[in-house]
Colleague: 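This structure is in structure tokens; I'll ask about it shortly.
Residue numbers start from 1 in every chain, and the chains themselves are labelled A, B, ... in the order their sequence lines are given, proteins ahead of strands. What you see below is based on every heavy atom in this structure, not just the backbone, and it leaves out hydrogens, waters and symmetry mates.
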Protein chains: 2
Amino acid sequence: MSISTPPAEAAACCAPLTAQPLDADAAEAVVPLLKALADPVRLRIVSLVAAHEGGEACVCDLQEAFELSQPTISHHLKVLHTAGVLDREKRGTWAYYRVRAETLGSVAALLAAPAGVGTSERTPGCD
Amino acid sequence: MSISTPPAEAAACCAPLTAQPLDADAAEAVVPLLKALADPVRLRIVSLVAAHEGGEACVCDLQEAFELSQPTISHHLKVLHTAGVLDREKRGTWAYYRVRAETLGSVAALLAAPAGVGTSERTPGCD
DNA sequence: ACCGGACATCGACCGAGGTGAATATTCACC
DNA sequence: GGTGAATATTCACCTCGGTCGATGTCCGGT
């Protein structure tokens, strides 16, 4: 349980990969999250859900936005949900998704590069 | 030239995808950058280059860190370079790569979620 | 209880991409 | 100028993943 796929919290808090080398294990842990976002449809889904009224959207809302089959949309939602990017809540017949800001934030923190990436530059305010 | 693949500046400055829906064209522009990072080897390469002495590393430095063939490393470097993540400078026989902090920063800004992602929340301080 | 609608799962197809062997290219050195 | 080393390119293989059709499951309404 602790090994297989801890998706979201992988890119924990303050470990910008510009600070120190990422070991193979850490890389493998973060990649699923980036993979989940590295798709035009999924990226738009995340954006649509986040910007949707109430910060949530059901599958039917998303189906209208794409020229894709319903199973495909559902597949992308599953990927994003598994990666910890989207939260899923079923209310009646409809399934509502909303963005986990913390997950996106952790990825952002991982990539956030301090201005001077040089050698002896100290990484500011991260603790 | 303006259409094909403007890789780096795609995820420009302040357009967190949690603010407003990302149109298909913008998504297609950003995705190559995320795709470039969504690989364990490439993620480690970026990290190794950034954390390497002087903020730069040559191919030979990276070859030691992975159990991969030289063409494969070179391929990953090409992907990262094409995506605008790495800068390439050839000095003599060696090719030195260094991280483009601005590129990583733009991705981070894209994913950086303001605390309240709700409906009428205004996206703070980004201009 | 039956039926229809919303969403998920399954199976299959197919293009995209990571990988390595062989080869090309470019440069430093003698 | 020839030789060897460092890196890039080409080609082919094979796995991964996005897509869709068919089907399953669950819920609400009649």
Colleague: Main chain of Lys78(A), side chain of Thr82(A): is a donor-acceptor contact present, judged purely on distance under 3.5 Å?
Modeller: yes
Colleague: Could you list the protein-to-nucleotides 24-30 of chain D atom pairs, N/O on both sides, closer than 3.5 Å?
Modeller:
none

Colleague: On DNA chain C, check which nucleotide each of Lys78(A) and Lys35(A) is closest to and give me the residue with the more 5' one.
Modeller: Lys78(A)
Colleague: Quick one: does Val31(A)'s side chain get under 4.5 Å of Asp39(B)'s, heavy atoms only?
Modeller: no
Colleague: So do Leu86(A) and Ile45(A) actually touch side chain to side chain, heavy atoms under 4.5 Å?
Modeller: yes
Colleague: Quick one: side-chain hydrogen bond (donor to acceptor under 3.5 Å, both in side chains) partners of Glu89(B), sequence neighbours excluded?
Modeller: Arg91(B)
Colleague: Please list all pairs meeting disulfide bond (SG atoms under 2.5 Å apart) that have one or both residues in residues 18-99 of chain B, counting only residues at least two apart or in different chains.
Modeller: Cys58(B)-Cys60(B)
Colleague: Do Val79(B) and Leu22(A) land in one hydrophobic cluster if side-chain heavy atoms of ILVMFWY residues count as linked below 4.5 Å?
Modeller: no
Colleague: Return each pair, listed once, that meets salt bridge (charged side-chain N to carboxylate O under 4.0 Å, His left out) where at least one residue sits in residues 19-34 of chain A; pairs must be two or more places apart or across chains.
Modeller: none
Colleague: What residues form a side-chain contact (heavy atoms from CB on, under 4.5 Å) with Ala51(B), not counting sequence neighbours?
Modeller: Pro21(A)
Colleague: Write out all pairs satisfying disulfide bond (SG atoms under 2.5 Å apart) with one or both partners inside residues 64-94 of chain A, taking only residues at least two apart or from two chains.
Modeller: none
Colleague: Using five base pairs at each end, measure the axis-to-axis angle across the helix from dA1(C)-dT30(D) to dC30(C)-dG1(D) and round it to 10 degrees.
Modeller: 30°
Colleague: Which parts of residues 59-73 of chain A get close to DNA chain C, meaning a heavy atom less than 4.0 angstrom away?
Modeller: Val59(A), Cys60(A), Gln70(A), Pro71(A)
Colleague: Please compare Asp39(A) and Cys58(B) by the position of their nearest nucleotide in DNA chain D and report the one closer to 5'.
Modeller: Cys58(B)
Colleague: What pairs with Arg42(B) under side-chain hydrogen bond (donor to acceptor under 3.5 Å, both in side chains), at least two apart in sequence or on another chain?
Modeller: His76(B)
Colleague: Rest of the hydrophobic cluster containing Tyr96(A) (Ile/Leu/Val/Met/Phe/Trp/Tyr, side-chain heavy atoms under 4.5 Å)?
Modeller: Trp94(A)
Colleague: Tell me, please, the opening and closing nucleotides of DNA chain C, 5' to 3', among those with an atom under 4.0 angstrom from a non-hydrogen atom of chain B.
Modeller: dG17(C) to dA28(C)
Colleague: What residues, two or more places apart in sequence or in another chain, satisfy side-chain contact (heavy atoms from CB on, under 4.5 Å) together with Ser69(B)?
Modeller: Pro71(B), Thr72(B)
Colleague: Salt bridge or not for Asp87(B) and Arg98(B), using N-O below 4.0 Å?
Modeller: no
Colleague: Base, sugar-phosphate, or nothing for His75(B), non-hydrogen atoms under 4.0 angstrom?
Modeller: base
